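Here is how names work: the chains are called A, B, and so on, in the same order as the sequence lines, proteins then strands, and each is numbered from 1. Because the structure is predicted, anything quoted here is derived from the model rather than measured.
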Amino acid sequence: MVEPSDEALCGRVGDGDEAAFDVLVERHRQRAFRLAWSILRDTEEARDLSQEAFLRLFQTAASFRGRARFSTWFYRLLVNLCLDHRRKHRWWHQVFGAGEREREDEPSLLDRQPAAVDDPVEAIGRARTVARVWEAAERLSPQQRAVLALHVQEELSMSEVAAVMGCAEATARVHLHRALAALRTLVRKEDV
Amino acid sequence: MSRHPDAALAGYAAGDLAAAERERLDAHLADCAACRDTLAEYRTLLAELAATAAGAAPADTLAWPRYRAELRARLAARRARSWHARWLRPVPVAASAAAAAALALVVYAALPGAPNGELAAIEYDGLAARLPLIHQYPVVEQLELLEDLDVIRNLDRLAGTREG
């Protein structure tokens with residue numbers, strides 16, 4: 001049996017079909033959480049805002065016209081929510097420190113890296129390097145993190161990234177350039 | 001404008017440049033060692049990030065049934081709130097206004113001398129019966145309008161006093 005497309009499901013959600021809503025949520029919740037976390041760097045906030053995005057989806061599904069892909073439309077909703085949230089709570093993060101509030105029961109970024117398969121020593125060294133790069137990404141602006149996450153994690157092309165961010169492709173490239181330039185500087189500093 | 005096409009380099013590293021733009025950039029890269037280095041570093045960074053993107057963010061560990069229940073509860077609360085906003089929010093305003101108006105009426109009616117419909121009609125009939133007493137005009141003309149109904153009501157006695 002052919003699985004219904006996201007766009008078809010979204011149309012049914014627009015008619016109040018809660019079963020279609022459940023399918024969409026189950027399909028996208030991990031990606032939504034991951035993307036929200038990449039922008040917010042906080043587990044609780046990422047869960048809260050990814051759920052909020054699904055609630056908005058339920059409420060506004062009828063306005064989805066199918067001109068864009070469902071994922072572009074939905075991730076735009078989610079990214080806007082996360083960026084708005086970060087703007088509103090900027091003072092809080094400035095006062096109490098930006099970035100993930102590490103929890104004791106949560107594995108560190110290094111622990112989350114894939115297990116070594118070939119040369120364990122080389123693999124550990126590589127995992128450390130990469131963990132360092134991702135940790136440096138915490139110091140980027142939320143917009144820069146959003147562009148990186150969309151392109152690198154969600155594997156969207158830059159034109160798709162621009163569509164999700166609601167900006168011109170040239171602007172998305174500028175965000176990417178600034179993110180990469182900042183990462184390069186941070187990584188170089190740590191190498192010294 | 002920057003001498004180095006930085007944003008285009010990021011697009012190039014991301015593999016997302018149109019053919020014409022790529023050709024222009026290739027021509028620039030042939031003469032610019034700094035941009036070649038930048039491009040190489042951007043590519044390395046993106047490759048490192050992409051290779052480990054899966055492990056970069058934690059997974060949402062909340063089990064699906066609990067996640068679904070949480071989402072359903074929030075959706076129900078949202079619906080209840082929007083129903084309340086649509087139907088009940090104007091009610092307190094209207095109810096408050098009605099209650100205030102009713103209270104004002106009660107207080108006003110309870111005030112001594114306030115015009116009460118029935119009482120006012122009786123007073124009017126009583127006064128009408130005494131119209132002939134208007135010959136005491138010098139007294140009446142000194143009264144402020146509706147100043148003292150008692151005086152008017154007792155004009156006959158006043159007349160008797162004067163006469164007596």
Side-chain angles (χ1 to χ4, degrees), chain A residues 18 21-22 25-26 29-30 32-38 41 43 46-47 50-52 54-55 58-59 100 106-107 109-114 126-127 129-131 133-134 137 148-149 151-155 157-159 161 169-181 183-184 187-188, chain B residues 1-2 4-18 21-22 25 34-35 37-83 85:
Chain A
E18 294 194 6
F21 177 62
D22 281 346
V25 173
E26 201 168 4
R29 76 165 179 132
Q30 288 295 355
F33 173 81
R34 197 171 57 204
L35 181 55
W37 185 89
S38 299
R41 299 277 161 165
T43 306
R47 183 177 295 151
S50 57
Q51 286 192 351
E52 179 63 32
F54 286 120
L55 296 177
F58 190 86
Q59 291 173 315
E100 171 74 293
E106 207 163 76
L109 210 155
L110 190 58
D111 295 334
R112 289 199 297 270
Q113 296 306 315
R126 187 169 159 271
T129 307
V130 171
V133 174
W134 278 107
L148 262 190
H151 178 65
V152 174
Q153 283 180 347
E154 307 309 321
E155 299 178 337
S157 68
M158 288 310 287
S159 61
V161 171
E169 196 176 331
T171 310
R173 269 192 220 149
V174 170
H175 282 308
L176 181 64
H177 151 66
R178 287 185 182 155
L180 291 172
L183 279 183
R184 185 177 56 171
V187 170
R188 277 180 184 169
Chain B
M1 192 179 145
S2 169
H4 303 293
D6 295 324
L9 283 175
Y12 203 174
D16 254 346
L17 277 193
E21 209 175 348
R22 208 166 50 232
L25 199 56
C35 281
D37 288 346
T38 301
L39 179 63
E41 280 184 287
Y42 282 4
R43 280 180 167 154
T44 305
L45 277 171
L46 282 173
E48 282 181 345
L49 290 168
T52 52
D60 188 349
T61 49
L62 200 60
W64 168 239
R66 211 177 128 205
Y67 186 94
R68 186 169 173 267
E70 236 177 55
L71 198 57
R72 283 295 168 99
R74 286 181 70 170
L75 190 58
R78 187 69 53 90
R79 277 172 171 161
R81 212 163 54 222
S82 82
W83 184 85

**OP:** Answer yes or no: is there a donor N or O on one side and an acceptor on the other, between the side chain of R173(A) and the main chain of G11(B), under 3.5 Å?
**Re:**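 Side chain of R173(A) to backbone of G11(B): no pair is present.
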
Subject >> Check: F33(A) main-chain N/O paired with D60(B) side-chain donor or acceptor under 3.5 Å >> reply: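 Absent.
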
Counting C-beta onward and ignoring hydrogens, is there a side-chain heavy-atom pair between [X] and [Y] closer than 4.5 Å?
X      : Y       : value
R43(B) : Y12(B)  : yes
Y42(B) : H177(A) : yes
S50(A) : Y67(B)  : yes

Subject >> Geometric class of the F54(A)/F21(A) ring pair [parallel <30°, tilted 30-60°, perpendicular >60°] >> reply: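 If you compare the ring of F21(A) with that of F54(A), the planes turn out perpendicular.
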
For [X], is it the side chain, the backbone, both, or neither that has a heavy atom closer than 4.5 Å to a heavy atom of chain A?
X      : result
T44(B) : neither
L75(B) : both
R68(B) : side chain

Find the one option among [options] whose heavy-atom pairs under 4.5 Å with chain B are most numerous.
options                            : value
R178(A), E52(A), R34(A)            : E52(A)
M158(A), H151(A), R29(A), Q153(A)  : R29(A)
L35(A), L55(A), V25(A)             : L55(A)
V152(A), L183(A), L148(A), V174(A) : V152(A)
E26(A), E169(A), Q30(A)            : E26(A)
H175(A), E154(A), Q59(A), E155(A)  : Q59(A)

**OP:** Determine the option with the most heavy-atom pairs under 4.5 angstrom with chain A, choosing from R72(B), R74(B), E70(B).
**Re:**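 Of the candidates given, the most pairs with chain A belong to R74(B).
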
**OP:** Mind ranking G15(B), A13(B), A10(B) by heavy-atom pairs under 4.5 Å with chain A and telling me who comes out on top?
**Re:**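 Going by pairs under 4.5 Å, I would pick A10(B).
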
Subject >> Toward chain B, the part of A32(A) with a non-hydrogen atom under 4.5 Å >> reply: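 Neither part; nothing is under 4.5 Å.
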
Subject >> Rounded distance (nearest 0.5 Å) linking atom CG of L62(B) with atom CZ of R47(A) >> reply: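 L62(B) atom CG to R47(A) atom CZ measures 4.5 Å (nearest 0.5 Å).
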
Original post:
Would you call R79(B) and E18(A) a salt bridge, using N to O less than 4.0 angstrom?
Top reply: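 So R79(B) pairs with E18(A) through a salt bridge.
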
